[in-house]
Amino acid sequence: MRSQSFVITGMTCANCVNTVSKTLNQSDKIMEATVNLATEKAKIVADDNISDQEIINLVEKAGYGAIVNDKAHQEKIARQAAKKARNLALSFWIALILTLPLVVAMFADIFGVHANWVMFLHEPIVQLILATPVQFVIGWCFYVGAYHALRNKSANMDVLVALGTSVAYFSSLILAVFMSQANALNFESSMVIITLVVMGKLLEHNAKEKTTQAITGLMSSRANFVHTESTDLAIEEVQVGQVIRILPGEKVPLDAMILSGKASFDESILTGEALPVVKMDDEVIFEGTINLDGEVKAVVVHDLNDSTISRMVEMMSEAQGSKPNIQKLADKISGIFVPVVLVIALITFIATWAVSGILLTAIMHSVAVLVIACPCALGLATPTAIISGTGLAAKNGLLIKNANALELAGLVKTVFFDKTGTITTGEFELTDFKLLTESEKVTDSFNSIEEKMASDEFKLLASLEAHSNHPLAKSLKFQGDLYELTDLSELAGRGLSAKINGQEYFAGNDKLMTDLNLSVPETDDTVIYLANKEKLLAMAVFSSSLKDDALKTIQTLQKRGLKTVMLTGDNQNSAAKIQKLVHLDEVKSGLRPEEKAEIVQNSPNSMMVGDGINDAIALASATVGLAMATGSDIAMEAGDVTVTSGQLHKISTFFEVAKKTISKIKQNYFWAFVYNVIGIPLAAFGLLNPMLAAAAMSLSSVSVILNSLLLTKTKIKNVDYSTFFCLEFTDRIF
């Protein structure tokens, strides 16, 4: 199987999405096709045996266009988008110029102005000349769309617009030619409808462009050139392993590890956090972040295609193209909505003609019903909110790969945590240093940790461990001069040995001590032992350091009514210490990766938070998997959401973003339906003429998009928000 994205052209409403989706999913070679109206893209999971051209042919058979959404076709896609924007703008201005004279003449007549120019504009031949280009040139796209929709046994917005405007146009033509009723002509109705619909599509296009600003902003944060040691290169030419320089005030061009130098970096574009982060030797700096105050030399660890921003853009695009379960309701409604509207319009026509006896009145009422009912807003309600929600999440240091996670977040009852790298930093700190007597019993001859660290035994241990890359060794911070070593030897998997002043010393774990025939005291702590050939001398005790926001995050989640559980492979005593420090509801220790996954699978409505390869199965098994970007790539691939900074409090941020996004979707549904629920009866009873119906229809789509755009301006605080006035009503419905 393979996954491929396509840009779909020619879609106008939710029914278009259903038509394309239905056509693609009917193919035996396509496993799944997800079509998005807001992004105008289709994500397809298909058999390797089906070519891109075959998929394009299927889309074209449905009456739409398709372009492979890959790097090779980006220029073509950009040209197509620019052409669409130009055509929409040109169509609108032409339609407006041709329509305005008849609208002005209509209002002049209403206010009793009977000048010669008004009488001239009321001439049937003049109105016909002005209306025909609008109907059949500007409005031709609606006829094409309607034809393809009907051919595929469906009905979309194009059907409603084409039918409504055609009825208004041809009824006016018949009255003008055969009945000589110049005063009863309604050419301006069809013209205004088309002009307003095109205007709505233009506004819609411009507003949808703004919803993708999160991705555009990420792409614009990229540097164009890279300083190497000898010259400047275009960023596309730089390869993994090359050494680059980043000067103060410059953006980091690619993910790299610092070789020399020290500087503060603004990582707000990735984490949403305003405070700079100091980075030095052996630490990774990320593409798009800004070097604030110092020159550093670094080695590139990811090329342009695999860099932080490329991965962020890919994940955001994937999320924006995915379809949450909440949209299934809209898909079902839109599938039957247009046929129902056609029936209502027919009933309106028959009933109005029967009651009033006036054919023209019956036509105008039915046209108004057809126009007001276009389901554009319904198709835009979910995808525009998802796009805005993922953009808001990205600004707050969260990358959402699966949009369904936003909806499923509201179901979560239990949050499972990994320990190392998730609740703890993954680094260690020295908590105690103890001398050992000849009988291998711990002595407490020191009054404070400072005294212990000033002892000769600590200096011996620090001198040995200064030559080790082990994480525990790096946690020893000795203040002063170290002993000189001779005959240094690394004992794989056990520790080090060396001579100091002619005496041989050993530093390492309990396996090394056993090999030396030295017995060690029983302990569940993480330790390094110091010994000579005859006896144990001391032991350094370490503990994992907690993340600064661990306790606060756990408390915040518990206040939300969520159960917090830690799953770890560590021993029971180590797990119990962490539970005591951060007040977890429960801990489960000594677990293998598959056991973690089994616990998560057996817990409905769960979230798993982890960062390691050993967490990947559990992340994929949870209702929502949240991975820390400071961990492994496999964990990030398995999770639905990635925390770019590794900060735990971003979990609460995710819940808030999810809550606001789903609320915004419900608000959008409310606005999409309220126009139809109010507008259709008004149109049917003649209280809403076709021109006002067209304006209301266009306004419904634009209002839904603008409502979604408000989400991108939201400031996220980890507190409960009061609900929008319609949410209680919509919660009951949806």
Side-chain angles (χ1 to χ4, degrees), residues 12-15 17-18 37-38 155-157 160-161 164 193 196-197 199-201 203-204 207-208 211 324 326-345 347-348 365-389 407 660-711 721-734:
T12 55
C13 69
N15 285 79
V17 172
N18 290 340
L37 179 61
N156 62 4
M157 183 193 87
L160 298 181
V161 173
I193 290 169
L196 287 173
V197 171
M199 181 188 74
K201 289 167 74 69
L203 292 173
E204 202 176 286
K208 282 195 287 187
T211 63
I326 195 170
Q327 192 171 342
K328 292 180 180 178
L329 175 63
D331 292 344
K332 289 179 181 178
I333 292 172
S334 62
I336 61 172
F337 187 70
V338 175
V340 169
V341 169
L342 292 174
V343 171
I344 293 173
I347 293 171
T348 298
H365 287 196
S366 58
V367 168
V369 170
L370 290 172
V371 174
I372 189 67
C374 291
C376 315
L378 188 62
L380 292 167
T382 298
T384 53
I386 292 297
I387 291 172
S388 295
E407 182 179 1
K660 286 186 170 298
T661 303
I662 298 305
S663 295
K664 193 63 69 175
I665 291 173
K666 292 178 179 180
Q667 291 173 25
N668 286 346
Y669 281 157
F670 174 84
W671 290 118
F673 281 114
V674 78
Y675 279 96
N676 291 321
V677 170
I678 296 173
I680 290 176
L682 291 176
F685 286 103
L687 300 175
L688 194 65
N689 68 45
M691 289 180 284
L692 290 175
M697 186 273 289
S698 299
L699 185 61
S700 67
S701 296
V702 175
S703 64
V704 162
I705 296 172
L706 293 178
N707 189 45
S708 294
L709 282 173
L710 290 175
L711 188 60
Y721 289 80
S722 57
T723 55
F724 186 75
F725 74 91
C726 67
L727 287 187
E728 290 186 8
F729 169 72
T730 51
D731 276 333
R732 294 191 184 98
I733 296 176
F734 299 111

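Treat the numbers as computed from the prediction; the structure is a model and nothing was measured. Positions are given from 1 along the sequence.
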The criterion is side-chain contact (heavy atoms from CB on, under 4.5 Å); which residues satisfy it with A368, sequence neighbours excluded? A683, P690, A693

Using the side-chain contact (heavy atoms from CB on, under 4.5 Å) criterion, which residues pair with I344? Sequence neighbours excluded. V340, T348, V369, I680

Could you report the tightest heavy-atom contact between I665 and A385, atom names first, then the distance? CG1-CB, 3.4 Å

Test N707 against every option in I705, L709, V704, L710 by the side-chain contact (heavy atoms from CB on, under 4.5 Å) rule and name the one that passes. L710

Under the side-chain contact (heavy atoms from CB on, under 4.5 Å) test, which residues partner I347, sequence neighbours left out? V343

Pairwise distance CG(L687) to NE2(H365) - rounded to 0.5 angstrom: 8.0 Å

Can you measure from CD1 (I386) to CD1 (I662) and round to the nearest 0.5 angstrom? 5.5 Å

To the nearest 0.5 Å, what is the distance between CG on N668 and OG on S708? 4.0 Å

